[in-house]
Amino acid sequence: MADGSSFYITTPIFYVNDVPHIGHAYTEVASDVLARWHRQAGDDTWFLTGTDEHGQKILRTATANGVTPKEWADRLVETAWLPLLSTINISNDDFIRTTDERHEKNVQLFLQRLFDAGFIYTGEYEGFYCVGCEEYKQAGDLVDGTGQYAGQQVCAIHSKPVELLEERNYFFRMSDFTQPLLDLYESNPHFIQPESVRNEIIQFVKQGLTDLSISRQSFDWGVKVPWDDTHVVYVWFDALLNYITAAGYGSDDEAFARRWPGTHIVGKDIARFHAVIWPAMLMAAGLEVPKQVFGHGWLLVGGEKMSKSKLTGIAPEQITETFGVDAFRYYFMRAISFGNDGSFSWEDLAARYQSELANGFGNLASRIIAMLTRYFDGVIPSPGELDAADEAIRTTERRVTVAADAAINRLAIHEALAEIWELVDELNGYITIQEPWALSKDPANRERLGTVLHTAVRGLGTLAVLLSPVIPDAAAKLWTALAGEGHVADQPVRSAWEWTGGPAVVPLEPLFPRIELPEADEPAA
RNA sequence: GGGGCGGUAGCUCAGCUGGUUAGAGCAGCGGACUCAUAAUCCGUCGGUCCUGGGUUCAAGUCCCAGCCGCCCUACCA
């Protein structure tokens with residue numbers, strides 16, 4: 001991936017009615033780290049997130065709250081979703097709402113093109129519809145109700161009665177794309193990642209695809225079907241199109257050509273929408289399919305999937321208020337192998353904060369800056385001749401930079417951090433072995449002392465540059481203490497080791513202060 | 001019913017196309033050191049690699065069966 005190449009990355013758009021929890025935040029942070037890395041590498045980066053605001057469920061909750069659905073969505077965007085982005089320091093370049101005119105207008109454009117091309121036909125549909133799920137249910141998805149719904153069939157997910165609906169709907173000829181999709185997966189093994197998700201999807205598509213009902217007549221909160229305004233577009237069909245309407249489809253051909261195709265980061269539960277329906281839609285429209293669909297794993301809390309339907313959701317603020325934003329970002333990126341499910345626990349979070357951020361990285365910065373301040377009044381000394389140990393540090397700086405960049409390109413964020421941390425650990429070891437405090441006791445060792453601290457502080461600068469995408473606030477503070485030029489987020493990440501040191505350092509407050517945890521018991525979620 | 005993923009040290013996890021005494025981090029234990037956020041560094045304890053078969057000169061790593069967990073999907077109705 002050469003500098004200046006286009007990197008367009010997206011998250012799923014938030015369903016506004018959801019309550020933000022760390023699962024949403026996890027997807028956002030992962031995408032944000034990738035975006036920041038590419039941006040800092042000089043790639044033409046565009047990072048999109050946004051909200052999904054149509055559908056019957058939103059219409060109903062809005063009505064129940066005595067406001068219009070648009071007012072309801074506005075309120076949730078303002079009070080829940082935009083605050084979430086700032087809570088976890090997300091650097092999105094754009095925020096699309098499916099109620100934006102740029103979106104609705106071009107959803108219609110897209111649909112009209114599919115219609116004109118013969119990929120849409122009229123059909124009858126009868127089925128059990130769950131408002132909570134926003135979709136029709138097969139009989140097997142239903143269970144016997146209990147309590148107030150005893151005697152009725154209810155949705156297995158929401159435990160609420162389903163409705164028998166009969167509609168004249170418009171259908172998308174998705175079945176035409178069974179083979180083209182299989183060919184796509186075959187010819188481009190990286191289209192769906194990781195492997196586990198890819199296997200799942202291939203098996204699913206091999207069974208053959210059925211046509212997809214893409215309109216609804218039973219309510220009107222959605223994008224009108226352009227040739228029949230008694231129908232609104234199915235919410236998923238509408239939602240998926242955000243990735244191109246935001247990129248300029250139908251409104252800015254130049255921007256669209258430059259950005260598309262993009263990389264989609266999604267949870268594995270919705271990977272199928274993105275790896276099956278979405279590319280089929282694009283193929284039908286004669287557009288390029290996405291560059292990649294990456295389905296990450298779930299956060300497990302107490303061994304169970306964190307669920308928005310159950311009450312295991314944890315609000316991001318619960319974590320950031322105690323540990324800070326950077327720790328939140330670092331923890332989830334480091335502790336979880338991106339693509340696999342990962343266990344969250346307060347104990348693990350606290351342990352990693354302490355050993356890795358406070359004792360490992362934070363303390364490294366403290367000790368180096370303290371010694372420069374103490375022995376050289378903060379002025380960074382010029383190095384003398386480098387010995388093998390000094391050269392080894394330089395070599396490591398280079399090695400981890402290259403390795404981290406390679407890992408990021410594979411979307412292996414956790415591996416990138418593991419690589420970078422090798423430099424953290426090696427620098428701590430280097431200082432312990434070189435014993436600058438011992439060198440300082442004999443003026444004859446003055447040059448050697450300078451060389452050691454010069455080497456160490458350069459390593460610290462390299463770390464600031466490499467870690468800026470993950471822990472932007474701490475990296476910026478450190479960069480300031482090192483008197484680095486400009487902003488750390490503008491330093492070329494792929495040549496992080498090239499920083500040669502500023503003129504002097506200034507004292508630094510602990511980047512990750514020790515945290516005294518109140519009690520062993522944590523509040524239930 | 002069909003399918004996917006996982007089951008490796010107390011905990012969280014690595015172990016690619018099978019090959020020396022199965023690894024890391026954390027926790028535990030012992031030691032060194034003092035620049036630093038009682039931090040750092042070194043050493044050390046610790047595993048029937050879910051179970052049972054099989055293939056192979058050689059299996060955590062391949063095959064079969066089973067058990068457990070999570071998930072996708074179907075049908076019966």
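Just so we're clear, the structure is a prediction, and the values are computed from it rather than from any experiment.
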- Taking only side-chain nitrogens and oxygens of A:S343, does any of them come within less than 4.0 Å of OP1 or OP2 of B:C13? yes
- Item | Watson-Crick/G-U partner (both atom distances under 3.5 Å) of B:C57 | B:G19
- Task: Could you check how far CH2 of A:W298 sits from P of B:C70, rounded to whole Å?
- Result: 12 Å
- Note on the structure: From CZ of A:R334 across to P of B:A24 the rounded distance in Å is 15 Å
- Item | Ring geometry between A:F237 and A:F172 (parallel below 30°, tilted from 30 to 60°, perpendicular above 60°) | perpendicular
- Query: To the nearest angstrom, how far is A:I336 atom CD1 from B:A14 atom C1'?
  - Reply: 16 Å
- Item | Summary of protein contacts for nucleotides 30-43 of chain B, nucleotide by nucleotide, where a base hit scores B, a sugar-phosphate-only hit scores S (4.0 Å, heavy atoms) | ---SSBBB-SSS--
- Note on the structure: The answer to which of A:V197 and A:R352 contacts RNA chain B further toward the 5' end, by nearest nucleotide, is A:V197
- Item | Geometric class of the A:F171/A:Y121 ring pair [parallel <30°, tilted 30-60°, perpendicular >60°] | parallel
- Task: Answer yes or no on whether A:R216 is positioned over the face of A:Y170, meaning its NZ or CZ is under 6.0 Å from the six-membered ring centre and within 45° of the axis.
- Result: no
- Query: Just checking A:N340: base, sugar-phosphate only, or nothing, at a heavy-atom cut-off of under 4.0 Å?
  - Reply: sugar-phosphate
- Item | Whole-Å distance separating the CD atom of A:E356 from the C1' atom of B:A27 | 13 Å
- Item | Ring centre gap for A:W421 and A:Y330 strictly below 6.0 Å | yes
- d(CD, A:E415; P, B:A14) in whole Å: 10 Å
- When A:A351 and A:K268 are each assigned the nearest nucleotide of RNA chain B, the 5'-most assignment goes to A:A351
- Task: Classify the nucleic acid contact of A:R272 as base, sugar-phosphate or nothing, counting any heavy atom under 4.0 Å across all strands shown.
- Result: sugar-phosphate
- Look through every strand shown and name the nucleotide pairing with B:G25 as Watson-Crick or G-U wobble, where both distances are under 3.5 Å. B:C11
- Message: Keeping A:D341 on the side-chain end and A:W298 on the backbone end, is there a donor-acceptor pair under 3.5 Å?
- Response: yes
- May I ask you to verify whether the side chain of A:Q207 and the base of B:G3 hold a donor-acceptor pair under 3.5 Å? no
- Message: Does this structure show an ion pair linking A:D390 with A:R448, if we count only N-O contacts that are shorter than 4.0 Å?
- Response: yes
- Item | A:R272 charged N/C atom sitting above A:F204 aromatic ring, 6.0 Å / 45° | yes
- Message: Distance check needed: B:C5 P versus A:Q193 CD, whole Å only.
- Response: 13 Å
- Roughly, in whole Å, what's the span from CG in A:N199 to C1' in B:G6? 13 Å
